[in-house]
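Everything on this sheet refers to the single structure shown next.
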Amino acid sequence: MSHKEEKLKIISEEFVENEDKEAEKLKKKLKVQKQRRKKQLQDSGLEEHLEGEANLGFQQEQHQEESEPNLLSMAIRQGPRNLPPIPSTSRTGFAEFSMRERMRKKLKAARSKAENALLQEIPSPRPRHFVNHREEEEVTGFDEEQPGKSVLREATRGSSQRSTRVKFQDFGRKTKFKAQVPPGFPTAEEAYNFFTFNFDPEPEKDETKDKKREESNQEVEEGEEEEEQPAHEEQVGKMDEEEAVNEKEADDFLLDLDQTVHDFLVIRAAEYESIHEMQKKEREILFRPSSITVPIYKKIPENMQPRYLEDEGLYTGERPMVPRSNQNIMENRLLIQEQERKWFGDDGRILALPNPIKQFSTRPPIFSPEEGIEAGLETLYKKAVNSVRNNQYIVGSGDSLGQFQLDIDISGLIFTHHPCFSREHVLAAKLAQLYDQYLARRQRNKTKFLTDKLSALRNAVHTLPDYTKPHGSGHTAQESMNKYKFEIRQTRKLRDAEEEKDRILLKTMIKVWKEMKSLRDFQKFTNTPIKLFLRKEEVDWKIDEKTFETEIQAETNELLEEHMEEYEKKMEEYKTEYQEWKAWKKAQRIKKKKKKATEEQDEVTEEPEYGEEPVKPIPPEPIDRSTIEQQVREKALHNRRKPGEPVLVPELSLAGSVTPNEHCPRAEILRREDIKKRSVFLKVLFNNKEVSRTVSRQIGMDFRVHFGQIFNLQIHNWPESLTLQIYETVGYGSTNLLAEVFLPIPETTVFTGRASIEEVEFSSNQHVTLNHEGVGSGEPFSFEADGSNKMILMTSGKVSNSVSWAIGENGMPLVPPASQQSIGIRRKVDAIASIGASGLTDMKKLAKWATESKLDPNDPNNASLMQLIMVATTGDTYIPEFFRLEQLQQEFNFASDEELNRSKRFRLLRLRSLEVPEFRNFKQVPVYDREIMEKVFQDYEKRIRDRGVIETKDHLDTHRAVVAKYLQQVRESVINRFLIAKHHFLLSDLVVEEDVPNISILGVSLFKLAEQKRPLKPRRKGRKKVPTQNLSDGDIKVLVNVLRAYDIPVRKPITSKLQQPSRSSRPFSETLVTSPSTQSPAHTVDNVLSQVLVRPFVEVSFQRTVCHTTTAEGPNPSWNEELELPFRAPNSDYSTASMQSVKDDIFINIFDEVLYDILEDDRERGSGIHTRIERHWLGSVRIPFSTLYFQGRIDGTFKIDVPPVLLGYSKERNIINERGFDSLRSLSEGTYITLFMTIEPHLVPGESVREKMTDMLKKFDSQEDEKLLQATEKFQVECALKFPKRQCLTTVTNLSGKTVFITRYLKPLNPPQEILDMYPNNPQATAELVARYVALIPFLPDNVSFSGICDLWSTSDQFLDLLAGDEEEHAVLLCNYFLALGKKAWLVMGNAIPEGPTAYVLTWEQSQYLIWNPCSGRFYGQFDTFCPLKSVGCLISPDNIWFNIQRYDSPMRINFDITKPKLWKSFFSRSLPYPGLSSVQPEELIYQRTDKVATSELQDRIEKILKEKIMEWRPRHMTRWNRYCTSTLRHFLPLLEKNQGKEVEDDHRAELLRQLGDYRFSGFPIHMAFSEVKPLIEAVYSTGVHNIDISNVEFALAVYVHAYPKNVLSVWIYVASLVRNK
Amino acid sequence: MAVANPTVFLLMVNGQVESAQFPEFDDLYCKYCFVYGQDWAPTSGLEEGISQITSKSQDVQQSLVWNFPVDITFKSTNPYGWPQIVISVYGPDFFGNDVVRGYGAVHVPFAPGRHKRTIPMFVPESTSKLQKWTSWFMGRRPEYTDPKIVAQGEGREVTRVRSQGFVTLSLNVVTKDLKKLGYHTSSLDLQASSVIDLSEGVLK
């Protein structure tokens, strides 16, 4: 409600005081009217408008006087706005008219009244400016109801008790205090607008409105009004006549307006109420609950005492934590508001439910309505499956659980039988066994126990009151007597049995001992120190006799009693039977009599009674006491010691002496020697994996082996199994598994120090026959001379061991958490934590704890625990034998499991979401199964199937297959880890944020502000790097700029030894150039000047896309051409990870284009040209894409791999013109090409992942000294500060992920002896050969295999075993060899072309430094311009690291003298001396000779595969093989190997040409290190030999594999095409 | 792989990025792009767009109106990965550097018809006060490496953002064959089908 309205209301209230009541009554009606009015206004153009008005007028007529003032209050009581318009019922214009007239009159009257009132109340003059926008107000007056309405709503809602008479001030105060503006009130903004806006009349609008009003039935532009509404809201209701105006015809209204408008304006001074008054009023309305504690009597009903349920022993839950003051406030509030106190409990506190928050997480229990398990909740056994992304290959992964330790103490081993046992040993073992048994029995002493029990029972029987007495408890006494007697009987039987056993044991022992003694006598030597003594313990005859007698008597009595009882029973039976029998007899007799009497009458009836004549019972014999006594005595004599007989106590001792060897027969000596040869060790297998083994110990003469070793197993998981394997080694021969012993996994309470040593028996079923005294195992043997009574013994024994959990440093047991155990008891109850890990396994302890800690048994929190304790103590255990996982899962399954498995679509979707490589980027999984081809899964299934199978097809060599498999597995595991890492985001992965700049950067950036915007000499700007992930196929291109080449081999003219080639097949170009001299006789070798040397072009192939340059001429061509090759990522996956693992190579091949004129007819020469183009491969450069990707660009001059023999070409610079330059390049002969390569757009080689990984690797532990690690860090930081770009390496990661100081890798290691023997007197040649050997080990960049994640260094022996490694491994091995050869050698870390950051080897030869490329085996002088090593970062020797702190880093410009500290910063110096680090390398390398047969087999297979491939590549042509040529080549290849591809060319050519005179021959040998077949195929393909499509072409292919030690294979492939000359 | 022309359903979206409310900023432009699952492919229309720069209106609303049209058709075999439209708003800061003013994303409505969506926008926060100051000073506010991140849930836990304003979109959605493949996207669908059944019954 606006202010003005309020004011008016006050006025009008005074005025209409008496009419107020009526006004109230009318309010409702008026509200309705108001509604209608509103509606009508909205569609005022319609007839209904009039009708409504009439309606209104009609009502107003009735309440003429009241209506005017009530309009104000009416505004307060506004109803909902959206009532439907009243449908017009009549359309009579006449009625309307009259109504209108009447309305007008009444309005006038009302208006004058109001005017009067206003004038009376506010005599102050009206400001002029209000007149100005009077019209405006009229217009906006339509909307006065809206604010009114909202005020009303507010008023009614806000305070129901507040009367409509509440004054404006009240409102104002309220708003002020509430600090919120009720929707109807003008906001500050609106108010401001009101007072500041210039409300000039808008002429056009008014005009149109006026016009429309004049037309009276026209539509009012409602929209406009509404737009204006907010600005003028506060004006509404200012004038009461505005209300009326709305109802009037527009013309009327305008007429009235001019005269009356300023009469309605009332201006009053703002009213002010003093603050005290306001506070007073406020007090009336507001209530502030105090936070003082409410006395209890207020909160509970009168005359009641607070009742505390807890004190009464009832369970009351823990109340949720609410601050005291808040509770008080709430209580006060409730007390004021509600009188009933229903919110308070009996104890005077607010009712509260127990705290619903549990300390542990639970899942809601399942209430099954019926007994048993519901079908839907039935458990289903599912086999546990390993996650694919397990990290079994990488150790020390970030396990959260930490490590636990299991201590396995293996103290020793005793054989109870062994093949080497002599007969005596067998007996000794038997004796020992018996003795053990005896000791065990004696310890238990069951006989004694039973005897005591028996006497106790007898006493009890005697003391028992006589049951025959007439006593109240007679019956019970009888019962207990019977019970006792039964007990006595049982006990006696047991005792007898035990006594008998004891006796027999003793007897057997003595018997065995006797046998042994006789055996010793017989064989005349003793083997075992075993001796049995029988100690006699004398006993007092009389006492003994007495006890014996009493015992016998007691027993006899008992037996007698028993028998008596039995007898009596039998007597009873007999008597009853006898009675029956008698009765029967009697009956019979009577019958007989009757029969006699009635015989004549009926004879038939008696017949059936004859059949059942009972036997006459025999009375039982009475028992004779003497016989029973006799029996008892007999038994006693048999089982028991006779009275007076001394007690025999056997004692086994090892005091005997063993006959020394010299006194023994030969067989026995042999046996003893055999034992000496034998040794035993134990392997400890944890979860079926060998974790450690004991040392190998000899078996002692007594067949005892003592180990005394404790193995601490650091484990992560609860062990599944723990096994000991016992191995026996005989001499130097192989070890064989004797037996496996399964150890129980200890309880969680068994800790080291408390565990007792246990003996676990084992036995083996091996059959061993020995040819000496040893009895063997599983073989029958006999002690008797005649060989009877054979026995068979198997090897067996006992392992004494103890397994226990270790206790950590802080006293915490290192036991895996209980959750890992498969114990079917709920363990999540927190109480368990207070007892210890093994709490629930010990119920008594738990129960004890429960009573001690005074658990509230009523607390539902403890219900489960209580139940458990109850179950445990009462014994009726019900532990469910199942546990449920996701028991409600089934309800959420949208398809059954079978359906899921069957559907190809679901399978595809699932595999994709698992990120299986084949499906990771599968797009558009079809909707229907039928649209999915079966072959989609083929690759995947094949891969899964082949996972375990090592296939030799691709590898031809099992060793390499195994290695490949291993690498594959490592790779997979790394990739899987990588995938996990991909889902782990760092902030930098998501948000690009500038680093906080330091001063210098800030300065530079400030300087940049002043920089010229368009410098005259613009600086070169780097290309923008593009992250790869949002790229797609075709976006990436590889640009290769081929600039020029040097020293390309030139064609050699065909020597005169050959017959002149026929003109038609002569090289065309040659023909062209030398055409004048073609016919001249001077066409010989010497005529070199006139020859076209070579027409080379470059072909670049990448991902089977081929591009080539134009053809240039001469041996030093310049192409300057840019070639563009598209790049496709594998599986269209352009993520960084996938890009890093691209393994494709870029091949740059140089060909010579040869044109042959094949014009048949010379006469046509004038009119046509008919030539054939042939291309001859000259050499190639291979650059891996990964290098390009990581480097961004490759720019430089590369040596071309030219085959050692290029038939028809020569590298001899026989051109005089070039002689001059030759001397310059004498050092580096070879062919070179200058290239510039890059990727467009520039890709970011996702370093972030690598960094993340290295961070992770840093977490791996190191065996290095902490000090050393700190020093390395410091060193690296210092170096990086000075020369951030130079590579400085101090620590590397080894294969198991541990950080190792780099110098530990360097150590002199022996090269294979074969190689050393080859040139014993030529160190230079030896060095080269060694380098060649190293280079022959296949290269495997580990950024490919490990996706650029981590560079792992393997030691040289690992490297040789794996037969694969990257630069580092090659360099380390080469350096180690050189060190062994006595050279001064260093590892050079630096940058090279094209490898990028790499490792080379530097050696100091007489007066010069040589740089060796370990991967190619080549070496360069320090000042060789073509040396691929472009910068040197640091040098590493076995004992130090030197960092290059010279100004330049190019090898040509630096000084390699490491003694100068100004040039080289050394790691170990005086301040930090070299601590003498031990090497990680093995002592020496052991080389196995490679199997020659396997090599030749491999050779044949490669040849076969390659031949097949060539035929495959020529699908349209027939491929003929020239056998003769092949065999020639095959003979020739070993020669090449021998000379390492050097200096054979001439002889070779001469020989070849001699042999293949008729053929034009093009071909060359390819030399490679052997790793797989695929690279060989790739290399052959890249030469393009198969591309010749002359019809009569023939091929020759020969393969030679030369084997170096340790399976290092050098492969030579000679591939050639032959065309028969016509 | 799969058949050349698998059965698909089509989703056509057109509409416009209507306006934005950024009370503190002026002269903004917006970019939109779509993020969709692997089974989706745009068949026609622009997947990404960048709008004109707009200044605030002078009225009280002070809205920034772009009325930048969006028109694209997708085909898909799987409703999983339903397209989301990602809006990012940029504008100059105090020094005139172009900085990001808000990121926001919303799924394209499932049900055919006209839809109006108001997306709350947010920007990543600097990690420290100092960085906040320097980023303000240098005009290099933190940005997402890829606006599409706002349409994915993974990895968001590492970022902190601040709310910035609202962008209003109106989208008209038409689908084809979606029902044929068994996906009912609106309650209307179900009703309509039952009504048809009834009327058919009556007709018969």
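Residue numbers start from 1 in every chain, and the chains themselves are labelled A, B, ... in the order their sequence lines are given, proteins ahead of strands.
For B/W40, the part lying near chain A is the backbone, with the side chain staying farther off; criterion is any non-hydrogen pair under 4.5 Å. Interface remark: A/L908 contributes no atoms to any contact with chain B (heavy atom separation under 4.5 Å). At a 4.5 Å heavy-atom cutoff, B/R160 makes no contact with chain A through either its backbone or its side chain.
Within a 6.0 Å sphere centred on CZ of A/R910, heavy atoms belonging to other residues, nucleotides or ligands number more than 12. B/Q52 CD: more than 12 foreign heavy atoms inside a 6.0 Å radius. Under a cut-off of 6.0 angstrom, the local environment of OH in B/Y80 is sparse, with at most 12 non-hydrogen atoms contributed by other residues, nucleotides or ligands.
The backbone N or O of A/V925 lies less than 3.5 Å from a partner atom in the side chain of B/T77, making a donor-acceptor pair. Side-chain atoms of A/E931 come within 3.5 Å of backbone atoms of B/T7 as a donor-acceptor pair (strictly under, hydrogens ignored).
For the pair A/V991 and B/I149, the minimum side-chain heavy-atom distance is 4.5 Å or more.
Counting heavy-atom pairs under 4.5 Å between each of B/S126, B/G37, B/S135 and chain A puts B/S126 at the top.
Closest approach of A/Y928 to B/K180, counting heavy atoms only: OH-O, 4.4 Å.
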Would you check, one step at a time, whether the test side-chain contact (heavy atoms from CB on, under 4.5 Å) holds for A/V992 with B/R140?
-> CA-CA 9 Å; A/V992 188; B/R140 300 289 300 268; 5.6 Å; no
